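Only one structure is covered here, and it is reproduced in the block below.
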Amino acid sequence: MRMIDISGLRVRYYGSSELALRDIDLIVEPGESVIVTGPSGCGKSTLALCLAGFVPHAIGAEVAGSIRVCGINQREASVYRIAQHVGLVQQDPEGQFCTMCVEDEVAFGPENLRCSPYEVESRLDRALATTGVSHLRGRKLTELSGGEKQKVALAAVLAMEPDLVILDEPTAYLDPRATRELIELVSRMRDADSRLTLLILEHKPWRFSHALERVIHLDRGSLTYDGPIGGAAFEEEILDQLPHSHRSLHGFGEPLLRVQNLWQAYGERTVLRDVDLEVCRGEIVGLMGDNGSGKTTLLHTIMGFLRPSSGRVLLEGDDITNKPVSARARKIGMIFQNPNHQLFTDCVWREVVIGPLCQGDTEEECRPRADALLDSFGLSSYRDSHPLLLSYGQKRRLNLASTMASNPSLLLLDEPFAGQDVSRARDLMCILDELASEGVGVLIIGHDPDIMTRCCDRILFMRDGKIQIDAPPYEAVAELERRGEHDYLPGRF
């Protein structure tokens, strides 16, 4: 019996005029490990949702063709029955959480399979240990970083002991160290269970070239390559074409943002420790560090979502430490880690102009800049689509277009390159370079050393809530190597 047997699969989401998948034929045998790759919006996530039964049972779409997993007709079987065989870790881990804390989340699946209390506890322990998150067992899910949430979501799926495990962009939110550990985990999973079938959706498939043997490439919903991983033409070489920042040769403007002696805590757990940093006009500053090191908390504190335990935040020389978010939002634009957290309207066009309209601009005044932004981010053909119908990478670009429409002086970007293929990452780097050249200051969280060292004028490296390195990219890389932080060196993945 074949693990995956797809014939003539066509999918079109309700409200969309475009096919998400076009005449897909695919066979995967039990025990195979396969990478599915392709540009942002090519249909990778749609294929995963079909295999897991969410399309069409939970997500409305017109579906034609045949799709079977473990001999089960996915279009006729219930999601509950499919879930006993297929485990999907989605791009947005929060979208599949059902409980409030780590332990309950990982135990949720086995409990619903009506496993005995002993079996539930045994599966819980194994899954947490396998994914390396046993230390998070007593934590609330809301307190976790994006990377930690992704690991917990994987643990919850492994605890179900499915026949087919699908990982949708599993490295998107992971720091370089965790990325290496995940690749090693994939290899161990294959070695430990020869019957387990793995399907990994990944923009950078070369990361798994030593762990998996087969690659499938999608483009605009069509299957364009299916064969040995050695015969695929990856985008890895495009990394060498990524632009390097040269703005530092011309100097920067005066300091735009100053953070002084900042401390932050969640209850009794200290998250930020005596943080000092500056971002000048026209400067792109990169913030790197392990998952849970305090990067997102720092951005949230600057934006005003969190009140610091102590310390000050100054913008253009004005102390904004105690000012509300609404006052800061006139000059600061922020992109959240999860793109779904800042989608508010029912069409892409309205999403881009919602900020300027709320500030009193007319649609006619908004139109030229909004059209230019949609074009720059490759979203013009989706202007009338519902934002939630976009791919993860497209949502991310829409978030940035919407933020930029209000002409902020300072941009706070939390993982803007997550979910982007290499070509789109390059386009985004060029756009940020243009903004910085116009005097906008940018503070950006990122995990990809190749992108960050090319995109940023300065690199900050955080460890345990404290900035340990603050230097130009070439100096930061040298210091990271001296400290033994080899996972953070360019060219590793």
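Reckoned from all heavy atoms, side chains included, excluding hydrogens, waters and symmetry mates. This is a predicted model, so every value here is computed, not measured.
Judged purely by distance below 3.5 Å, without hydrogens or angles, the side chains of Thr171 and Arg207 pair a donor atom with an acceptor atom. In this model, a donor atom of one side chain and an acceptor atom of the other lie less than 3.5 Å apart for Arg126 and Ser122. For the residue pair His85 / Asp163, a side-chain donor-acceptor distance below 3.5 Å is found, with atom types taken as modelled. Thr37 and His217 share no donor-acceptor pair across their side chains, judged by distance under 3.5 Å alone. Using modelled atom types and a 3.5 Å distance limit, the side chains of Ser40 and Asp421 yield no donor-acceptor pair. Ser402 and Gln342 are not linked by any side-chain donor-acceptor pair at a separation below 3.5 angstrom, with hydrogens and angles left out of the test.
Shortest non-hydrogen contact noted between Ser7 and Asp25 is CA-OD1, 3.2 Å.
Residues Met429 and Cys455 form a side-chain contact, since some pair of their non-hydrogen atoms from C-beta on lies under 4.5 Å apart. Side-chain contact between Leu164 and Ile4 is present, with heavy atoms from C-beta onward closer than 4.5 Å. Side-chain atoms of Arg139 and Arg269, non-hydrogen and from C-beta on, do get closer than 4.5 Å to each other. The shortest side-chain heavy-atom distance between Thr197 and Val34 does not fall under the 4.5 Å cut-off.
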Before giving the answer on side-chain hydrogen bond (donor to acceptor under 3.5 Å, both in side chains), spell out for Tyr382 and Gln394 the whole-Å C-alpha distance, their side-chain angles and the decisive distance to 0.1 Å. CA-CA 10 Å; Tyr382 301 96; Gln394 290 167 335; 3.2 Å; yes
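Proximity of the aromatic rings of His300 and Phe305 is defined here by a centroid distance below 6.0 angstrom, and this criterion is met.
Under 4.0 Å is where a charged nitrogen must lie from a carboxylate oxygen, and between Arg396 and Glu415 no such pair does. Residues Glu32 and Arg214 are paired through a salt bridge, judged by an N-O separation under 4.0 Å between the basic side chain and the carboxylate.
Taking Ala370 as the reference, Trp349, Val352, Val353 meet the side-chain contact (heavy atoms from CB on, under 4.5 Å) condition, with sequence neighbours excluded.
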